[in-house]
Protein chains: 2
Amino acid sequence: MMGLTRKGEYAIRGIIYLARLPQGKVALISEIAAAVDVPQAFLAKIFQNFAKLGLVSSARGTGGGFMLGRPAAKITLREVVEVVEGPIMPNRCLLGVGSCDRAAHCNVHPVWQKVQSQVVAILDNVTIEELAREER
Amino acid sequence: MMGLTRKGEYAIRGIIYLARLPQGKVALISEIAAAVDVPQAFLAKIFQNFAKLGLVSSARGTGGGFMLGRPAAKITLREVVEVVEGPIMPNRCLLGVGSCDRAAHCNVHPVWQKVQSQVVAILDNVTIEELAREER
DNA sequence: TATAAAAGGACAAAAATAGTCTTGAAGGTG
DNA sequence: CACCTTCAAGACTATTTTTGTCCTTTTATA
Ligand code: SF4
Ligand code: SF4
């Protein structure tokens, strides 16, 4: 329950791979997909999302590929997850007002708010740079 | 992302309704479903799960119905959620050993462990009794 | 121009979610 | 007992989400 999908998992693996590359090096999507063991076409979609948000920069044509759009230390795990999974949302009522007409009185609502803020806080405090450091 | 399904939401609403009833009163599934606005047959399945786990007790025949299986103060939100949604699991690798062969080295793994333990802690500290108290 | 690579969109298979329906079993009532 | 009430259980179905694939287009380089 309440779990990351494969897409999210793939996204994290992919961007960590990029973060481990030497400064300025670009990687082909084929290379990344093979390295992190993800279907290439699927990972390509994910990286399109990244590129649109500026998390990675992309270049087409010969010598093209992907690299980080900013320093790994400035990219949080939360950003990466939210790009592909959407906002962290333990229950529907947290999205907009009017999504549940009970929200104004409901005693459960604040619990979900707390869950949301805690999870967001954890993921916000983890950067891709940390995740890319030498493995344990 | 990482959200409760309708089933979980329905489960919570249903058991809170029970908790608000006077001591010893039984409620028909038809009554509960109407009160909390959930398809009756769907809610019936949920309450079957509750009954199997002892969260509610059920009686058949005339005068039968459902009531809480123990005091509302002794039922946590976590239990209710997990009965219908399964264990709180931010990522696959948290289930068993061997579910991801990278888990031993992976730097992301501990982050999911932390998320899991935080969410569990929050939900464990909320009882159905609290949720059933007068609404805000 | 030919080649290399990502971008974008349409499509498809599989799985999970959100239900319904039918039958059976257990318990009360006259 | 015969009949009614209520939950239990399982099979079935519809919808949505996830997890991909494939093909065409655009951009860039040589
Ligand atoms: S938790 Fe309360 S506010 Fe949120 S969806 Fe359920 S009833 Fe509505
Ligand atoms: S977080 Fe690490 S351990 Fe968990 S699934 Fe992803 S790679 Fe495997």
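Computed from a prediction, not measured in an experiment: that's the story for all the values here. Every chain is numbered from 1, with letters handed out A, B, ... down the list of sequences.
Not a single donor-acceptor pair under 3.5 Å links the side chain of R92(A) to the backbone N or O of E9(B). Checking side-chain atoms of N107(A) against main-chain N and O of R133(B) turns up a donor-acceptor pair under 3.5 Å. In this structure, R78(B) contributes its side chain and V120(B) its backbone to no donor-acceptor pair below 3.5 Å.
Remark: S58(A) is in phosphate contact with dA7(C), judged by side-chain N or O atoms under 4.0 Å from OP1 or OP2. Here Q48(B) does not reach the OP1 or OP2 of dC7(D): none of its side-chain N or O atoms lies under 4.0 Å away. Contact between the side-chain N/O atoms of T5(A) and the OP1/OP2 oxygens of dT19(D) is found at a separation under 4.0 Å. A sub-4.0 Å separation between OP1 or OP2 of dG20(D) and a side-chain N or O of Y10(A) is present.
Side chains of W112(A) and M89(A) form no contact here, defined as non-hydrogen atoms less than 4.5 Å apart.
To the nearest angstrom, P of dT6(D) lies 16 Å from CZ of F47(B). Across the protein-nucleic acid pair, F42(B) atom CZ and dC21(C) atom P stand 14 Å apart, rounded to whole Å. One can place CG of N49(A) at 12 Å from P of dG9(C), the figure rounded to the nearest angstrom. Computed from coordinates, the L28(B) CG to dA8(D) C1' distance equals 15 Å when rounded to whole Å. Between the CZ atom of F50(A) and the P atom of dA7(C) there is a distance of 12 Å, given to the nearest Å. Distance CD1 (I29(A)) to C1' (dT21(D)): 15 Å, rounded to an integer number of Å. Whole-Å rounding puts the L43(A) CG to dA6(C) P distance at 10 Å. Atom CD1 of I32(A) and atom C1' of dA5(C) are 12 Å apart (whole Å).
A donor N or O paired with an acceptor N or O is not found under 3.5 Å between the base of dG20(D) and the side-chain atoms of K7(A). For dA7(C), the base has no donor-acceptor partner in the side chain of K45(A) [N/O atoms by modelled type, under 3.5 angstrom]. A donor N or O paired with an acceptor N or O is not found under 3.5 Å between the base of dT19(D) and the side-chain atoms of R6(A).
By the 6.0 Å contact criterion, CD on Q23(B) is open, its count of non-hydrogen atoms from other residues, nucleotides or ligands being 12 or less.
Across all strands, F66(B) comes closer than 4.0 Å only to sugar-phosphate atoms, never to a base (heavy-atom distances). Across all strands shown, A59(B) has heavy atoms under 4.0 Å from sugar-phosphate atoms exclusively, and none from any base.
The listed nucleotides are dC7(D), dC22(D), dA5(C); the one nearest the side chain of R60(A) is dA5(C). Proximity note for T62(A) (side chain, C-beta onward) versus dA30(D), dC7(D), dT29(C): the nearest is dA30(D).
Residues G65(A) and P39(B) both approach DNA chain C. Their nearest nucleotides, taken by heavy-atom distance, put G65(A) toward the 5′ side.
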